[in-house]
Protein chains: 2
Amino acid sequence: MTNIQTPICPMPLAHNEKIVLGHGSGGKMMTDLITKTFQPPLANPALDAGNDAGVVQPPPHTKLAISTDAHVVFPLFFPGGDIGRLAICGTVNDVAMMGAIPHYLTASFILEEGLPISTLVKVVDSMQAAAEEAQVQVIAGDTKVVERGKADGLYISTSGVGTVMSGHTVGGECAQPGDVVIVSGTIGDHGIAVLEARGDLGFKTELRSDVAPLNHLVREMLGVSDCVHVLRDPTRGGVASALNEIARQSGVCVTLNESAIPVHPSVAAACEILGFDPLYIANEGKLVAIVGREDAAKILDVMRQTRYGEEAAIIGEVTESPAGRLLMKTALGTTRVVDVLAGELLPRIC
Amino acid sequence: MTNIQTPICPMPLAHNEKIVLGHGSGGKMMTDLITKTFQPPLANPALDAGNDAGVVQPPPHTKLAISTDAHVVFPLFFPGGDIGRLAICGTVNDVAMMGAIPHYLTASFILEEGLPISTLVKVVDSMQAAAEEAQVQVIAGDTKVVERGKADGLYISTSGVGTVMSGHTVGGECAQPGDVVIVSGTIGDHGIAVLEARGDLGFKTELRSDVAPLNHLVREMLGVSDCVHVLRDPTRGGVASALNEIARQSGVCVTLNESAIPVHPSVAAACEILGFDPLYIANEGKLVAIVGREDAAKILDVMRQTRYGEEAAIIGEVTESPAGRLLMKTALGTTRVVDVLAGELLPRIC
């Protein structure tokens, strides 16, 4: 037997190092990056096993809700959050919006050559904090590296698997005439906070992104009522796009009451100046719920007792026609159609 | 009621159109892209529901294997495959390597502004063909668009959920002294085919990427034996990196028999010229299996009867020491250490 080399003793990754193509090679550098940067904060048995897939045992006889989101927000850090917190919360919320309890997440990273490893460490730490808050585990991951200029720092795609809470059928097609529309708090905070971080606002506000995991809020809501028909987190395209989609899916009309919609004064001011409508601005820690009128008061009550639902409000109702439309009763007493966005309002917001 | 507009009647997406930022907006253009480009080929009930997450009912009492991969291969199309087929097969295989049957996939797309929609259509069609072959469904998706120069055409992250076949515990930590090592066919085909597509080879070959779903092959193998201990698809870093990882995870020594390793003549020739070792070249439709010696013959036999295992071969064995090392008995009769790659051999190979 010849050429037996001494075992490799990898050096710690210095945080002032930068990502190079070798970190995506499948070789020693990638193993170092994974074992030193990703695994320690995100540790759990399924991830630590280091296999091609995480193996877990879900509760028996449950339906699964499975979701995915790519995250390309710019800048990577903004008041109230960062791409890591966003990547966890975005997928946790998508799973929760099916009336499910999210359990397992996966995360795949596309890193740009030259990204400081200290930046990646901050992002992964933030992911872990959000995962801990949401009580989910990242059980599988992947890392690719692309050449300088072929990404924008980093992109993160997360997927989530949750178990649907039994006895609840929640979906965009379940809104019924007579239902009422609830929003969990002020709208547009995320979009305006990111605009401010880009320096596109031209003035300073105290605004922070609302990016937050909403699964505990959803669990409380479903705990007090069997009449939660639709849940949706109004991200890109805002409340207007989410409710338009629901109106189409359910074949109903949704009518909002403009004066009932909670809007933070800084968001209202920014929208006034920029000519935006807060209804189209992205949220990352808010949900809209369409619920049976008979339970609306108790659902609202339990929402207001949770951290991310303190400012929940009833903002509208569901009627039969015109089917597929979102209408708004304005403060002036008129009614107008609120359409979906035609093109792009704010690129790279999530 | 004022201003009721006529319902929007979206125009068909012409295939000579290009992706613009508005396709990632959460508004009408994104809905058009999703309903015309993604949903028709990939159609299934969970995806068609159009909710934030797909809801499915897995078999009761089964463990789940959950996996994710980002795909950034360059170029997008290469002999034998493309990024779409790769994105499906890569994740199907990762799930299958845990001894699981993959059922549900998610796909998140990061599209570069300016990408021809005809290219996207070709990629999605290829994904559907691969999904059909693998008998999996894409039940949730997401689309983001980044500015020109901030991606390289498109990146696709897929995640997969499968159910572990009962009675089988397969994992990188399960190799035992006395086991034998099987490879399902010729190695290095994918890496060299992509190199050729890049024009980096300097000569033409008949080689095609091996990119393929291996889940049916795995099911056949597990159907005839309870002694399949480890399965792994040797992608980035090749067979050398995969077996090094397994040797470390299991605390065993793996010794390969150089003359038993199947290598396509074009791969051998290309490696000879470029100074590469086929053991480090990526595969996307091959697996290495570490199995109990007592069942090796019947496992090999069933493998050779399947489409992607016709050239399967026993290429080595597992011993106790030196623990954590991969060795090679060369054709000349010497034994050498086969280490993991230190840096990068071929960037953007998957």
Side-chain angles (χ1 to χ4, degrees), chain A residues 1-5 21-22 25-29 49-58 60-61 63-70 72 94-95 97-98 104 106 108 110 139-140 142 144 146 149-150 152 155 157 159 161 164 171-172 236-237 241 249 334-337 340-344 347, chain B residues 1-5 21-22 25-29 49-58 60-61 63-70 72 94-95 97-98 104 106 108 110 139-140 142 144 146 149-150 152 155 157 159 161 164 171-172 236-237 241 249 334-337 340-344 347:
Chain A
M1 199 177 293
T2 59
N3 286 340
I4 297 291
Q5 298 168 8
L21 289 172
S25 65
K28 208 176 303 178
M29 292 186 71
N51 285 315
D52 285 335
V55 173
V56 292
Q57 176 80 65
H61 299 297
K63 285 187 188 169
L64 299 179
I66 303 176
S67 152
T68 193
D69 257 344
V72 299
D94 278 349
V95 170
M97 295 308 131
M98 302 311 293
Y104 317 114
T106 66
S108 78
I110 298 173
I139 64 162
D142 184 52
K144 295 291 190 308
V146 294
K150 299 294 187 186
D152 201 0
Y155 303 141
S157 287
S159 294
V161 178
V164 177
R236 279 179 294 178
S241 300
Q249 282 181 273
T334 60
T335 299
R336 65 177 176 92
V337 170
V340 287
L341 280 178
E344 180 57 292
Chain B
M1 201 178 292
T2 60
N3 285 341
I4 298 290
Q5 299 169 8
L21 288 172
S25 65
K28 205 176 301 176
M29 293 186 72
N51 284 315
D52 285 333
V55 173
V56 291
Q57 177 80 63
H61 299 297
K63 284 186 188 172
L64 299 178
I66 304 176
S67 152
T68 193
D69 257 343
V72 299
D94 277 349
V95 170
M97 296 307 132
M98 303 310 295
Y104 317 115
T106 66
S108 78
I110 298 174
I139 63 162
D142 184 53
K144 296 290 189 308
V146 294
K150 299 295 186 184
D152 200 1
Y155 303 141
S157 287
S159 293
V161 178
V164 176
R236 279 178 295 176
S241 300
Q249 282 182 273
T334 60
T335 299
R336 65 176 175 91
V337 169
V340 288
L341 280 179
E344 180 58 294

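None of these values were measured; they are calculated from a predicted model.
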Practice task
Using a cut-off of under 4.5 Å on heavy-atom pairs, state which of A:V161, A:T106, A:I139, A:V164 scores highest against chain B.
Solution key: A:T106
Problem - Which atoms of B:A49 approach chain A - backbone, side chain, both or neither, heavy atom under 4.5 Å - result: backbone
Fill in the blank from the handout: Answer key: most heavy-atom pairs under 4.5 Å with chain A among B:V56, B:L21, B:I66 is B:I66
Practice task
State whether the side chain of B:K144 and the backbone N or O of A:V72 hold a donor-acceptor pair below 3.5 Å, judged by distance alone.
Solution key: no
Fill in the blank from the handout: Most heavy-atom pairs under 4.5 Å with chain B, out of A:G149, A:G237, A:S67, belong to A:S67
Exercise for the section: Could you tell me whether the side chain of A:D142 and the main chain of B:T68 form a donor-acceptor pair under 3.5 Å? Expected result: no
Handout entry: Basic-acidic side-chain contact under 4.0 Å: A:R236, A:D69
Key = no
Problem - Reported CG-to-CE distance for the pair A:N51 and B:M98, which is rounded to 0.5 angstrom - result: 4.0 Å
Exercise for the section: Would you please name every residue forming a salt bridge (charged side-chain N to carboxylate O under 4.0 Å, His left out) with B:K150, sequence neighbours left out? Expected result: A:D152
Problem - Option that, when pairs with chain A are counted at under 4.5 Å, heavy atom only, ranks first among B:G27, B:G22, B:A53 - result: B:A53
